[in-house]
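What follows is a set of notes on a single structure, which appears directly below.
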Amino acid sequence: MLSFLKIVRGQRLIESPIRVLVRNWHREPIEVAWGKPEIGWTKLNFDGSCKYKTGKASIGGLFRNHEAEFLLGYAESIGRTNSTIAEFAALQRGLELVLENGWNNVWLEGDSKTLVEVISRKRTVRCAEVERHVSHINLMLPALNKCIVTHIFREGNRAADKFAQIGHLLKKPQIWHHPPNEVLRIVHEDAEEIPVVYDKWKYCSTCYLFIELKHHFIFCSSISTVAPYCNGALQPDVGLFSTVKSSYRHHFLRVE
């Protein structure tokens, strides 16, 4: 039986920041480690990436076996879109490669909870572009003998994220049969199942509070300005989000 990392769901910070800070002060960070599939299974880790200043997106992913051996990697730029669509595009491309290579028992893993819920729980989507990707994905899944879909924090999906980042630099889709240098260290660490610390509470130097990390964004309800989070420094960019509802005046920080 495959072992899966149990994910503890956090609550959105919409109450008093001081109150939440005190309640969560002693919460321990979570150790996240990539897990090997069982014998006879192939594991796909996939990811989508979007540059929020340019809107340009890319996808990437990699396949490994029960011994964590690298089988294949892929990446490509997909033009202007959002991160959600990029995640679904990354999975769709990964499944196309699954069928091309004749892998029948496949473990699909990504760091988008939305995607996992849509695919595994058949959740409906309102976006036509996402629905198009979901339709293609659902057409391919029955061709597999066995398939499971799981979510992992991005700290356990670093190799796929690196391929997606490489995709931004490519002019045409690329396939690797050996891991590129940019990914080699992460692949070796994953093979050793070396854990990476995931701490959903980050320190905000603007409002001097620990605030909650959700999906690649930090939400802080103490102020209403908007700014991306980059290398530990806050650089105000109010134009990033044009409107913020008064009842949910969040401080948005992008974690790259």
Side-chain angles (χ1 to χ4, degrees), residues 1-13 20 24-38 41-50 59-71 73 75 83-84 86-88 90-91 94 106-121 147-166 179 182-204 210-219 229-232 253-256:
M1 181 177 180
L2 295 176
S3 60
F4 305 111
L5 179 66
K6 293 184 178 180
I7 307 301
V8 179
R9 291 186 177 181
Q11 297 178 345
R12 177 169 290 189
L13 186 61
V20 174
N24 294 282
W25 183 264
H26 299 292
R27 285 191 178 182
E28 294 295 328
I30 302 170
E31 288 191 344
V32 181
W34 180 84
K36 300 175 184 176
E38 293 291 309
W41 283 72
T42 301
K43 186 172 183 180
L44 163 64
N45 282 86
F46 60 91
D47 198 18
S49 174
C50 179
I59 62 174
L62 70 161
F63 298 86
R64 286 169 282 189
N65 63 16
H66 66 280
E67 294 183 341
E69 294 173 333
F70 183 91
L71 302 176
S83 58
T84 299
E87 293 281 357
F88 282 91
L91 175 56
V106 184
W107 179 358
L108 311 173
E109 187 173 72
D111 56 27
S112 170
K113 285 186 177 181
T114 299
L115 181 148
V116 172
E117 290 185 355
V118 169
I119 300 301
S120 63
R121 300 183 182 181
C147 178
I148 55 176
V149 186
T150 61
H151 169 267
I152 191 170
F153 290 119
R154 66 181 308 186
E155 285 78 4
N157 204 41
R158 295 179 300 152
D161 175 73
K162 184 62 70 173
F163 272 106
Q165 296 300 323
I166 293 174
E182 299 94 323
V183 184
L184 196 57
R185 178 182 59 83
I186 299 174
V187 170
H188 288 162
E189 290 177 354
D190 284 349
E192 297 296 325
E193 297 186 342
I194 299 175
V196 179
V197 174
Y198 163 79
D199 187 358
K200 72 172 185 174
W201 294 96
K202 304 294 182 180
Y203 184 72
C204 176
F210 284 92
I211 48 187
E212 184 178 3
L213 175 62
K214 274 181 175 281
H215 296 292
H216 303 176
F217 283 94
I218 292 177
F219 294 83
Y229 183 92
C230 180
N231 298 325
L253 307 177
R254 173 66 186 176
V255 180
E256 297 292 349

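- Evaluation of the side-chain contact (heavy atoms from CB on, under 4.5 Å) rule for V116 yields S120, V149, H151 as partners, not counting sequence neighbours.
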Query raised in the report: So E189 and R185, salt bridge (charged side-chain N to carboxylate O under 4.0 Å, His left out) or not? Walk me through it.
Result: CA-CA 6 Å; E189 290 177 354; R185 178 182 59 83; 3.0 Å; yes

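- Pairing each heavy atom of V183 with each of A159, the nearest pair is CG1-CB, 4.0 Å.
- Without hydrogens or angle criteria, K43 side chain to G35 main chain gives a donor-acceptor distance under 3.5 Å.
- Closest approach of I152 to A33, counting heavy atoms only: CD1-O, 3.9 Å.
- Here the closest non-hydrogen pair linking P37 and W41 is CB-CB, 3.8 Å.
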Query raised in the report: Step by step, would you call T42 with W107 a side-chain hydrogen bond (donor to acceptor under 3.5 Å, both in side chains)?
Result: CA-CA 6 Å; T42 301; W107 179 358; over 6 Å; no

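- For the side-chain contact (heavy atoms from CB on, under 4.5 Å) test, residues two or more places apart in sequence or in another chain that qualify with E69 are N65, E67.
- Annotation for G48 and A90: closest pair N-CB, 4.2 Å, computed over non-hydrogen atoms.
- Minimum heavy-atom separation, A191 to K36: O-CE, 3.2 Å.
- Applying the side-chain hydrogen bond (donor to acceptor under 3.5 Å, both in side chains) criterion to N157, with sequence neighbours excluded, gives N45, D111.
- In terms of heavy-atom proximity, A75 sits nearest to F163 at CB-O, 3.2 Å.
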